[in-house]
Amino acid sequence: MRIGELADRAGVSTRALRYYEEQGLLPSSRTAGGQRVYPQSAEDRVRLIRELYAAGLTSRVIAELLPAVDARHVSPELLARLLDERARTTAKVAELQAAGRRLDALIALATHPDSDSCPATLDQAAAGSPAP
């Protein structure tokens, strides 16, 4: 299938497909006229690549991971990298949840001001601690 058809079927731009190819994530062949041609399986590969990007992986990690996915075997080193990525994501989620609690506290203070209990910090307000 040609690049435009793959882009339409996979829901990505042709620019994204060219980038995936440049990064070594998506192989293609060329016609005599130099046009890119992809196998039918490329549609599923593009979806997988998008999911891996959405999981927070870099193109470098994805390039290392795809052959392991194809072989259905992940080396201990690659597994360690994936576990590190998962820990990083978990930490980021915790940071975002804390930011959400701070915003909730700020919104509560803004919508229900109470001069007797102004917290020293938003973390204190989010935790429901009394003012010092």
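FYI, side chains are in, hydrogens and waters are out, and symmetry mates aren't considered; it's all heavy atoms of this structure.
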Completion exercise
Rounded to the nearest 0.5 angstrom, the CD1-CG distance for Ile49 and Leu57 is 12.0 Å

Practice task
Could you state whether Leu79 and Leu48 fall into the same hydrophobic cluster, counting links through intermediate Ile, Leu, Val, Met, Phe, Trp or Tyr residues with side-chain heavy atoms under 4.5 angstrom apart?
Solution key: yes

Practice task
Let me see the working for Arg50 and Val12 under side chain to side chain contact (heavy atoms under 4.5 Å, CB included), right down to the final yes or no.
Solution key: CA-CA 9 Å; Arg50 291 182 70 201; Val12 298; 3.1 Å; yes

Problem - Distance (rounded to the nearest 0.5 Å) between Arg101 CZ and Leu96 CG - result: 10.5 Å

Exercise for the section: Evaluate whether atom CZ of Arg60 has more than 12 neighbouring non-hydrogen atoms of other residues, nucleotides or ligands under 6.0 angstrom away. Expected result: no

Handout entry: Listed partners of Arg15 passing side-chain contact (heavy atoms from CB on, under 4.5 Å), at least two apart
Key = Ser13, Arg18

Handout entry: Gln35-Arg30 side chain donor-acceptor pair, cut-off 3.5 Å
Key = no

Practice task
Please examine the side chains of Thr31 and Arg2, heavy atoms only from C-beta on, and report whether any two atoms are closer than 4.5 Å.
Solution key: yes

Completion exercise
CG of Leu103 to CG of Leu122, rounded to nearest 0.5 Å, is 8.0 Å

Exercise for the section: Taking the side chain as every heavy atom from C-beta outward, state whether Ser59 and Tyr19 have any atom pair closer than 4.5 Å. Expected result: yes

Problem - Listed once per pair and sorted, the side-chain hydrogen bond (donor to acceptor under 3.5 Å, both in side chains) pairs that draw on residues 74-84, sequence neighbours left out - result: Glu64-Arg81, Ser75-Glu77

Fill in the blank from the handout: Value for CG (Leu52) from CD1 (Ile62), rounded to nearest 0.5 Å, stands at 5.0 Å

Fill in the blank from the handout: Heavy-atom nearest pair, Val46 first then Ala10, reads CG1-CB, 3.6 Å

Fill in the blank from the handout: CG of Leu25 to CG of Leu17, rounded to nearest 0.5 Å, is 11.0 Å

Practice task
Please step through salt bridge (charged side-chain N to carboxylate O under 4.0 Å, His left out) for the pair Glu43 and Arg47, ending with a clear verdict.
Solution key: CA-CA 6 Å; Glu43 185 178 349; Arg47 287 195 177 102; 2.9 Å; yes

Practice task
Decide yes or no for Ile3 and Leu6: does some side-chain heavy atom of the first lie under 4.5 Å from some side-chain heavy atom of the second?
Solution key: no

Handout entry: Nearest-0.5 Å distance, CD of residue Gln97 to CG of residue Asp104
Key = 11.5 Å

Exercise for the section: Check whether any side-chain heavy atom of Leu26 sits under 4.5 Å from a side-chain heavy atom of Arg45, and report yes or no. Expected result: yes

Exercise for the section: Could you tell me whether Arg9 and Glu5 have a side-chain N and a carboxylate O separated by less than 4.0 Å? Expected result: yes

Exercise for the section: Take the angle between the ring planes of Tyr20 and Tyr53 and call it parallel below 30°, perpendicular above 60°, tilted in between. Expected result: parallel

Problem - Salt-bridge criterion met for Glu95 and Lys92 (N-O under 4.0 Å) - result: no

Fill in the blank from the handout: Tightest non-hydrogen contact, residues Thr14 and Gly4, listed as CG2-CA, 4.1 Å

Practice task
Spell out, yes or no, whether Val69 and Leu82 are grouped together once hydrophobic residues are joined by side-chain heavy atoms under 4.5 Å, including indirect joins.
Solution key: yes

Problem - Neighbour count >12 (heavy atoms, 6.0 Å) for atom CZ, Arg86 - result: no

Exercise for the section: Taking all heavy atoms of Leu78 and all of Val74, pick out the closest pair and write down the distance. Expected result: CB-CG1, 3.8 Å

Completion exercise
Heavy-atom nearest pair, Glu21 first then Ser28, reads OE2-OG, 2.9 Å

